[in-house]
Amino acid sequence: FKTNFGPTRRLHNTALPDKMGDWSAERDLRVYNEPDTVVPDLVKQFVAYFYRHIREKNVYEILGMYETSFFKLTERFFKASPWPTVSAIAPIVDNDHVFCLLYKELYYRHLYARLTPTLEQRCESWDNYCALFGVILHGNVNMQLPNQWLWDMVDEFIYQFQSFCQYRGKLSSKSPEELQLLKSCEQVWNVLGVLNYLQALIDKSDIISTLEKERNGEEVFSANEGYDYSSSNVLRLLGYFSMVGLLRVHCLIGDYHGGLKASSPIDLDKSGMFTKVPGCYITSLYYTGFSLMVMKRYVDAVRTFNTILGYVMRSSVFLSTSVQYSQMVKKNEQMYALISICLSLCPAAVRFLDEGVSQTLREKYNDKMVKMASGDLLLFDELYTYACPKFITPCPPNFEDASCNYNQDAFRLQLNLFLDEVRPQTLLPTVRSFLKLYTTISIRKLATFLDLDQQTVRSTLLTLKQRSRQPTIMPGRSVLDADWVPATDTDFYIDGDMVHVVDNKVQRQFADYFSTHILKLDRIALDMAQIQEVVAVDAA
């Protein structure tokens, strides 16, 4: 299948490669004609039933086999070894090309999760994604696949791209033969190819128009979880999830505004398709919150993190049944670290935290937040390093200098930029605490308290004034359509050598907190009453 999208609009001017790798045709021929390996009978039955349910569009059975059966068979037969090659299972499924592509997607995903893929396997996985997305974009795909699988497909596609960039940057441990092979793989997991595939899925699915029609009440999409039994859901959902994928990729390469723009058609303030797939929900709000934090929109970042942390807290029992639960827990811990950074730089944003999130945050990071508020840059460094994404350098490294590793260059750049932003703000909490004690105070007196010269104090006050207003999302608007509003509980102005302070502290409202818990109590009482009725009927 060619990967030239013809008239389809692309994110970049660079076209996708016209072939799916340097040796894809030969490899496909070899893979399908390899001698069969020994396949356990249970695995043969699994593949046969899996194939049948996909042909019959039995989404619930597909989901059960995808989430449960595949995992159980992996634990039993392939805990430390790869699944059978596609040539071993192809006869069981009548050599169905599309099913073999889907099977290989699972095969390579398992390889990345449980083993260490070789360079050739990384290239083969890229070729398989090219072929699979080519079929979906250009073929008449008549399938219904679970939303969870479609999200995992996009998520794994980006993860393998990220993994390849990290692998490619570690030159010191590679042999000359490996370096030479890497040089010949310039189009494999190329950043423009990855971005163009995601953008092509968005454009071909016309998902942005679908979401606009849903907002206007002209079409039903999220309420049906994206399923339309008169047509396939595959392209439509892949296009939807690709918007979150673009957010992630742009964030990994340091283009935070581009990431927010790519995901802006999704209304994060309302329930939608992204909230129905936990992994997608957590990913979208983590990268949105991180992008807002780096763009110095701390209030919006705190509100975003609070939303997803509250969801994880309420749904912990349900989420614990997922095979991806450990990854969700890690992201959860990272977001608490990011909130502590935001609140250290913008303390007034604490009013946007729910009671449960606020209490957990105090238990985990109260001591560190106090130290960060006093200007401890080492703690900012530590928490940012722990909680930030694994940044990548999308361009190939200098293969001529194989004595160095380049896989951490992007991370060090982003860390230094963040610390350069934080460093001028280390005095701001102290200055803010003094201003809260006065209605008027001279710059000379404030300089005496801070043990600084008057010019430095004046510059610090201007920095505080500039940080006191932030772009903030307004209800019903896009994440990029923000208004500048006060972000602190203390305002001031300078008249000559005098600082005049105005207290803007907003009283925290507890009505929503009590209303929520009253409604929750009512639902619990109703459930208990229904249980008692059922018990009474059974007893009678």
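Start at 1 with the first residue, then count along the sequence.
- No side-chain donor-acceptor contact under 3.5 Å links E105 to the backbone of L101.
- A donor-acceptor pair shorter than 3.5 Å can be found between the side chains of D152 and Y66.
- Side-chain polar atoms of K331 and Q334 form a donor-acceptor pair below 3.5 angstrom.
- The closest side-chain donor-acceptor pair between T385 and D381 falls under 3.5 angstrom.
- The number of heavy-atom neighbours closer than 6.0 Å to NZ of K261, taken from other residues, nucleotides and ligands shown, is 12 or below.
- Under the 30°/60° scheme for interplanar angles, the aromatic rings of Y197 and F133 are found to be tilted.
- Under the 3.5 Å distance criterion, with hydrogens and angles disregarded, no donor-acceptor pair is assigned to the side chains of E355 and Q359.
- Taking the six-membered ring where the residue is Trp, F290 and F391 present tilted rings, their angle falling between 30° and 60°.
- At a threshold of 4.5 Å between non-hydrogen side-chain atoms, the residues K296 and Q470 do not count as touching.
- Judged by distance alone, the side chains of Y108 and E124 do bring a donor and an acceptor atom under 3.5 Å apart.
- Taking 4.0 Å as the cut-off between side-chain N and carboxylate O, K330 and E333 do not count as a salt-bridged pair.
- Two residues are said to be in side-chain contact when any heavy atoms from C-beta on lie closer than 4.5 Å; L246 and I202 meet this criterion.
- Using modelled atom types and a 3.5 Å distance limit, the side chains of Q162 and R248 yield a donor-acceptor pair.
- Note that R303 lies in the cation-pi zone of F352, set by a 6.0 Å cut-off to the ring centre and a 45° limit from the axis.
- Here the options are W151, F274, Y286, the test is side-chain contact (heavy atoms from CB on, under 4.5 Å), and the partner is Y281; only F274 passes.
- Here the CE-CG distance, from M153 to L102, works out to 5.5 Å after rounding to the nearest 0.5 Å.
- Taking all atoms of both residues into account, the shortest heavy-atom contact from T472 to R297 is C-NH2, 4.5 Å.
- A distance of 10.5 Å separates CZ in R314 from CG in L309, rounded to the nearest 0.5 Å.
- Within the 4.5 Å cutoff, the side chain of V194 has no heavy atoms near those of the V191 side chain.
- Between W83 and F70, the ring planes lie parallel to each other; the angle is under 30°, not in the 30° to 60° tilted range.
- Across every non-hydrogen atom of S263 and M243, the tightest pair is CB-O, 4.0 Å.
- A distance of 5.0 Å separates OG1 in T288 from CG in L268, rounded to the nearest 0.5 Å.
- At a threshold of 4.5 Å between non-hydrogen side-chain atoms, the residues I54 and I62 count as touching.
- Counting heavy atoms from C-beta outward, I282 and M335 have side chains that approach closer than 4.5 Å.
- Shown here for L235 and S205, the closest heavy-atom pair between the two residues is O-CB, 3.3 Å.
- In terms of heavy-atom proximity, G289 sits nearest to F305 at C-CZ, 3.4 Å.
- Scanning both residues, K270 and T275, for their nearest heavy atoms gives O-CG2, 4.3 Å.
- Residue D155 holds its CG atom at 8.5 Å from CZ of R109, rounded to the nearest 0.5 Å.
- With sequence neighbours left out, the side-chain hydrogen bond (donor to acceptor under 3.5 Å, both in side chains) criterion links S163 to R122.
- Once rounded to the nearest 0.5 Å, the distance linking CG of L343 with CG of L361 reads 6.0 Å.
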Is there a ring pair (Phe, Tyr, Trp, His ring centres under 6.0 Å) between Y103 and F50 once you walk through the steps? CA-CA 10 Å; Y103 176 82; F50 204 27; 8.8 Å; no
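- You'll find the side chain of N147 reaches within 4.5 Å of the side chain of N233, heavy atoms only.
- Note: Y384 and F418 have parallel aromatic rings, judged against thresholds of 30 and 60 degrees for the angle between ring planes.
- Annotation for R76: atom CZ does not count as buried by contact number, only 12 or fewer foreign heavy atoms lying within 6.0 Å.
- Using a cut-off of 4.0 Å between Lys/Arg side-chain N and Asp/Glu carboxylate O, R168 and E186 are scored as not salt-bridged.
- Ring orientation note: the planes of W126 and F157 are close to parallel, at an angle under 30° on the 30°/60° scale.
- R469 places no side-chain N or O within donor-acceptor distance of the main-chain N or O of Q466, the cut-off being under 3.5 Å.
- Closest approach of K390 and L252 over heavy atoms only: O-CD2, 3.5 Å.
- Counting heavy atoms from C-beta on, the side chains of Q408 and L415 never come closer than 4.5 Å.
- The shortest side-chain heavy-atom distance between L106 and W149 falls under the 4.5 Å cut-off.
- Checking D409 against T393 by side-chain atom types alone, no donor-acceptor pair falls below 3.5 Å.
- For the atom pair S344 OG and K371 NZ, the distance stands at 12.5 Å (nearest 0.5 Å).
- Contacts of E382 classified as salt bridge (Lys or Arg N to Asp or Glu O under 4.0 Å), with partners at least two apart in sequence or in another chain: K368.
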